[in-house]
2 protein chains.
Amino acid sequence: MVMKQSRTTLKDLAEDLNLSPSTISRALANHPAISDATKKKVQKKAEELGFIPNSIASSFRKKKSQSIGVIVPRIDIHFHSLVISGIEEFAYKTGYNVTIFQSKDSTTREKEIVKLLQNKMVEGVIICLAIETYDYDHFKKFKKLGVPLVFYDRVPSNYDTNKIVINDFESAFKATEHLIKRGCKRIAHIAGNQSTPIFKERLEGYKSAIRKHNLSFDEKLIIPCKSLSYEEGVQCAESFLKFSSIPDGIFCANDYTAVSVIQVFRKAGMRIPEDTAVVGFSNYPISRVIEPHLTTINDRAFQMGVEASKLLIRLIEDEKRTLKSETISLETELIVRESSMKD
Amino acid sequence: MVMKQSRTTLKDLAEDLNLSPSTISRALANHPAISDATKKKVQKKAEELGFIPNSIASSFRKKKSQSIGVIVPRIDIHFHSLVISGIEEFAYKTGYNVTIFQSKDSTTREKEIVKLLQNKMVEGVIICLAIETYDYDHFKKFKKLGVPLVFYDRVPSNYDTNKIVINDFESAFKATEHLIKRGCKRIAHIAGNQSTPIFKERLEGYKSAIRKHNLSFDEKLIIPCKSLSYEEGVQCAESFLKFSSIPDGIFCANDYTAVSVIQVFRKAGMRIPEDTAVVGFSNYPISRVIEPHLTTINDRAFQMGVEASKLLIRLIEDEKRTLKSETISLETELIVRESSMKD
DNA sequence: TATTTTTACGCAAACGTTTGCATTAGATTA
DNA sequence: TAATCTAATGCAAACGTTTGCGTAAAAATA
């Protein structure tokens with residue numbers, strides 16, 4: 001007896017059982033036209049010979065790869081790793097695989113990846129745009145190919161597509177209003193890159209809350225950052241400390257800068273939250289470590305991934321492509337911790 | 001003229017150019033037997049018709065999917081997201097895709113995933129074992145199928161395979177010795193789950209340093225944890241504080257527990273590092289945020305991913321399967337920060 | 001019993017690419 | 001000029017699965 005080198009195929013099973021490959025295929029797929037007796041037999045034999053269906057052959061024939069692509073700026077940013085986790089979780093339960101790519105925030109690389117993904121490997125793509133991507137032409141091909149897209153977090157503006165976002169305006173408004181209700185009168189804002197819509201929204205939300213509560217608006221209290229890094233936060237904090245009248249509340253567009261503020265302010269002898277209350281954005285793990293613990297916005301990263309996955313798969317399985325573009329806006333939540341607990 | 005519904009194929013190009021599909025295929029693959037003139041023509045036409053090779057068909061025919069699978073406990077743990085980032089980075093450059101799965105630290109789910117992955121979707125797999133996986137039978141099939149495996153971090157013991165690890169013993173030794181050199185006489189250790197080899201090694205490294213420097217060894221100073229969570233760290237710290245003679249140095253098996261210790265100790269009025277010096281393990285982002293900044297071990301997560309990727313792809317492309325199992329041990333680095341800066 | 005329906009399965013093509021083996025025409029050599 | 005070689009391309013099979021359609025036998029109906 002010759003040792004079969006390659007793995008067992010439908011054909012092998014068929015020969016062993018004196019059936020045709022098509023019957024085997026249908027039996028394993030639980031096709032109604034196959035008798036229960038045969039199904040049992042096939043199942044047993046398949047088990048016996050350790051049959052593993054060649055999913056590539058299947059994908060090829062069915063023109064369905066059962067996998068989705070994900071393009072993120074970087075995997076090792078906690079927010080994105082949470083989103084990916086949510087994507088994988090739902091996709092796995094639904095029988096889809098998740099293939100990931102990092103754009104490294106480079107539009108060039110994003111375009112490369114997009115090209116790669118157009119070769120039928122994936123049935124849909126979930127994307128968080130690279131920071132410098134303002135032009136969306138490279139995504140148009142997907143529409144032609146009938147491959148659905150879902151964007152999250154950094155989503156295209158003026159481009160009819162599917163998006164999962166949080167309401168940045170509303171969240172920022174909530175955060176700022178919280179500070180106001182805590183008695184802050186002079187609230188600063190460390191803002192993100194204003195060419196990125198989400199940070200623009202956060203700034204607007206801040207402004208809106210200030211206006212609504214008739215606080216005096218001072219342009220100097222807003223400091224825009226490029227990357228909202230820890231280091232940039234330190235610089236902002238130092239600037240604030242030089243003001244003749246130091247802010248008694250600071251709403252930061254992310255948690256990193258909020259942490260910097262707390263640390264720099266404390267070193268300078270300011271009490272948090274008594275002298276200055278601080279609110280961050282994103283609910284990063286550090287927000288529960290920094291002392292005092294940071295009040296922040298839960299941006300629902302994991303759920304964002306789940307929703308993206310859910311929507312994408314719904315679009316993929318909508319064979320007729322009847323679904324219209326959809327934007328899902330997730331509710332955020334203000335998590336109040338000590339950094340804003342004055343009074 | 002009828003509008004072609006589906007995407008253009010080699011055949012379409014062939015008909016357009018009065019050539020055979022095989023010539024087109026070879027032309028695009030830059031096969032030497034094809035004249036430069038033809039190659040040019042084909043390239044041009046391909047561009048013109050927006051030809052995208054069907055990579056599934058190609059994978060199917062070549063029996064090469066150009067993709068690797070990664071099984072991690074959870075994506076949203078920073079360590080793993082760094083590793084994945086490293087894996088993706090190298091794989092991308094080499095032309096491989098990365099498909100990720102989360103075992104959620106469940107051996108059952110790990111087995112499910114392993115089964116999934118045996119269907120020729122991936123050419124190799126990188127794995128960090130689920131915490132409760134002590135039996136490796138489910139991986140054996142891969143060897144039969146000629147699919148190479150590379151384990152990292154939590155790797156199998158007594159199982160001949162490829163591994164990327166750090167030298168936990170050496171690292172723990174370094175960390176503990178550092179405390180000793182800083183003048184600590186009574187050094188405690190918050191240990192990880194002792195059924196996990198890496199934590200066992202860390203404990204041994206600690207013990208070895210204690211012995212080498214002739215410090216008196218006290219079993220009570222070692223507290224084993226289950227998950228090394230922040231909360232468990234708090235409990236350990238509280239235990240230490242109850243000792244009649246409180247430790248003047250603590251080596252923690254991870255950064256979370258180290259952070260807990262610092263916070264609990266400070267709240268209790270202890271000075272860090274003057275009264276008690278603290279060293280963590282892993283160089284998590286929080287280690288640079290906690291005050292005082294935490295001395296810790298850089299566990300080279302990103303590089304671990306790169307090495308895993310590099311080794312796996314080397315194994316994949318070693319068609320003859322001549323390579324023997326390999327264990328790569330990465331050098332760690334002690335990052336000294338304020339939490340251990342006494343004297 | 002003759003006819004129709006149902007049940008259970010087989011046939012064969014198809015998916016798009018790759019590749020070993022022709023094959024042809026032109027170039028080179030004897 | 002005949003024989004050999006080389007360069008460039010075509011033929012056709014193959015990869016393993018799925019699926020529309022056909023068909024034989026069994027069951028149901030007339």
Side-chain angles (χ1 to χ4, degrees), chain A residues 4-43 45-46 49-67 95 118-121 123 145-146 319, chain B residues 4-43 45-46 49-67 95 118-121 123 145-146 319:
Chain A
K4 278 288 280 185
Q5 277 299 340
S6 58
R7 53 185 87 205
T8 51
T9 70
L10 283 187
K11 226 184 190 174
D12 299 330
L13 280 182
E15 282 171 8
D16 254 51
L17 292 168
N18 266 328
L19 288 169
S20 78
S22 46
T23 302
I24 308 290
S25 173
R26 283 191 259 249
L28 292 171
N30 202 25
H31 193 285
I34 305 297
S35 73
D36 286 349
T38 322
K39 282 179 187 169
K40 285 262 161 56
K41 265 199 308 187
V42 173
Q43 295 278 6
K45 203 65 167 179
L49 300 191
F51 170 74
I52 302 165
N54 181 328
S55 69
I56 293 199
S58 173
S59 294
F60 173 48
R61 166 64 220 235
K62 294 202 291 189
K63 296 166 171 302
K64 289 194 163 291
S65 64
Q66 287 286 111
S67 73
Q118 290 172 345
N119 59 5
K120 231 356 179 179
M121 271 175 1
E123 298 189 50
L145 296 173
E319 308 268 347
Chain B
K4 277 288 277 184
Q5 277 299 341
S6 58
R7 55 185 85 202
T8 51
T9 70
L10 283 186
K11 222 182 190 175
D12 299 331
L13 280 181
E15 280 171 10
D16 256 51
L17 292 167
N18 266 328
L19 288 169
S20 78
S22 46
T23 302
I24 308 289
S25 173
R26 284 190 258 250
L28 292 172
N30 201 27
H31 192 286
I34 305 297
S35 73
D36 287 349
T38 321
K39 282 178 187 169
K40 286 260 159 58
K41 265 199 308 187
V42 173
Q43 296 277 7
K45 202 61 165 185
L49 300 191
F51 170 75
I52 302 166
N54 181 330
S55 70
I56 294 202
S58 174
S59 293
F60 173 48
R61 167 64 221 232
K62 295 202 289 188
K63 296 166 170 303
K64 290 196 162 289
S65 63
Q66 287 286 110
S67 73
Q118 290 172 346
N119 59 6
K120 227 5 182 176
M121 272 175 2
E123 298 189 50
L145 296 173
E319 308 269 347

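A quick note: this is a predicted structure, and the numbers were derived from the prediction, not measured. When reading the values below, keep in mind they use all heavy atoms of this one structure, side chains included, and skip hydrogens, waters and symmetry mates. Reminder, nothing fancy here: chain letters follow the sequence lines and each chain counts from 1.
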In this structure, how many angstroms lie between the [atom2] atom of [N] and the [atom1] atom of [X], rounded?
X     : N      : atom1 : atom2 : result
A:L17 : C:dG10 : CG    : P     : 10 Å
A:R7  : D:dC15 : CZ    : C1'   : 13 Å
A:D12 : D:dC15 : CG    : P     : 11 Å
B:K64 : C:dT18 : NZ    : C1'   : 14 Å
A:I34 : C:dT6  : CD1   : P     : 18 Å
A:L19 : D:dT17 : CG    : P     : 15 Å
A:K40 : C:dA8  : NZ    : P     : 13 Å
B:I24 : C:dG16 : CD1   : P     : 15 Å

(Q) Is it the case that D:dC11 (base atoms only) and B:S22 (side chain only) share a donor and an acceptor within less than 3.5 Å, ignoring hydrogens and angles? (A)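 Answer is yes: a donor-acceptor pair is held.
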
Q. How would you list, by chain and number, every residue that makes a side chain to side chain contact (heavy atoms under 4.5 Å, CB included) with A:R26, sequence neighbours excluded?
A.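 For A:R26, the residues satisfying side chain to side chain contact (heavy atoms under 4.5 Å, CB included) (neighbours in sequence not counted) are A:S22, A:H31, A:I34.
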
Q | Those residues that, when tested against A:S67, pass side chain to side chain contact (heavy atoms under 4.5 Å, CB included) (two or more places apart) | A |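 A:S67 satisfies side chain to side chain contact (heavy atoms under 4.5 Å, CB included) with A:S65, A:N97, A:V122 only.
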
Distances for protein N/O vs nucleotides 21-27 of chain D N/O pairs under 3.5 angstrom?
none

Which part of the nucleic acid does [X] contact within heavy-atom distance under 4.0 Å: base, sugar-phosphate only, or nothing?
X      : value
B:N119 : nothing
B:S25  : base
A:D36  : nothing

Please state whether the phosphate of [N], meaning OP1 or OP2, lies under 4.0 angstrom from any side-chain nitrogen or oxygen of [X].
X     : N      : answer
B:T23 : D:dG10 : yes
A:S35 : C:dC9  : yes
B:S20 : D:dG10 : yes
A:T38 : C:dA8  : no
A:K63 : C:dG16 : yes

**Q.** Minimal non-hydrogen separation, A:S20 against A:A14, with atom names
**A.** C-CB, 3.8 Å

Q: Grab the two heavy atoms, one from B:D12 and one from B:T8, that are nearest each other, plus how far apart they are.
A: OD2-CA, 3.1 Å

Can you give the donor-acceptor pairs under 3.5 Å from side chains of residues 51-60 of chain B to other protein atoms, not counting sequence neighbours?
residue : atom : partner : partner atom : Å
B:N54   : OD1  : B:I56   : N            : 2.9
B:N54   : OD1  : B:A57   : N            : 2.9
B:S55   : OG   : A:N119  : O            : 3.3
B:S55   : OG   : A:N119  : ND2          : 3.2
B:S59   : OG   : B:S55   : O            : 2.8
B:S59   : OG   : B:K64   : O            : 3.1

To the nearest 0.5 Å, how far apart are [atom1] in [X] and [atom2] in [Y]?
X      : Y     : atom1 : atom2 : answer
A:S25  : A:L13 : OG    : CG    : 11.0 Å
A:L10  : A:I24 : CG    : CD1   : 7.0 Å
A:K120 : B:R7  : NZ    : CZ    : 5.0 Å

Q) Near DNA chain D, under 4.0 Å by heavy atom, which residues of residues 52-59 of chain A? A)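 Contacting residues: A:P53, A:N54, A:A57, A:S58.
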
Q: Find which nucleotide of DNA chain D each of B:R61 and B:P32 is nearest to by heavy atoms, and output the residue with the more 5' nucleotide.
A: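 With B:R61 and B:P32 compared, the 5'-side residue is B:P32.
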
**Q.** Test salt bridge (charged side-chain N to carboxylate O under 4.0 Å, His left out) applied to B:K45 - qualifying residues, sequence neighbours left out
**A.** B:D16, B:E48

Q. Who passes side chain to side chain donor-acceptor pair (under 3.5 Å) against A:N30, sequence neighbours left out?
A. A:K39

**Q.** Audit row: A:V42, A:L28, side chain to side chain contact (heavy atoms under 4.5 Å, CB included) steps and yes/no
**A.** CA-CA 7 Å; A:V42 173; A:L28 292 171; 3.8 Å; yes

**Q.** Axis-to-axis angle between the two ends of the helix from C:dT1-D:dA30 to C:dA30-D:dT1 (five base pairs per end, rounded to 10 degrees)
**A.**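 Answer rounded to 10°: the end axes differ by 50°.
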
Q.
I want to verify a distance call: between C:dT19, D:dT18, C:dG10, whose nearest atom is closest to the B:K62 side chain?
A. C:dT19

Q. Does the side-chain ring of B:F60 sit on the six-membered ring of the C:dT17 base, less than 5.5 Å centre to centre and under 30° in tilt?
A.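 One would not call B:F60 stacked on the C:dT17 base.
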
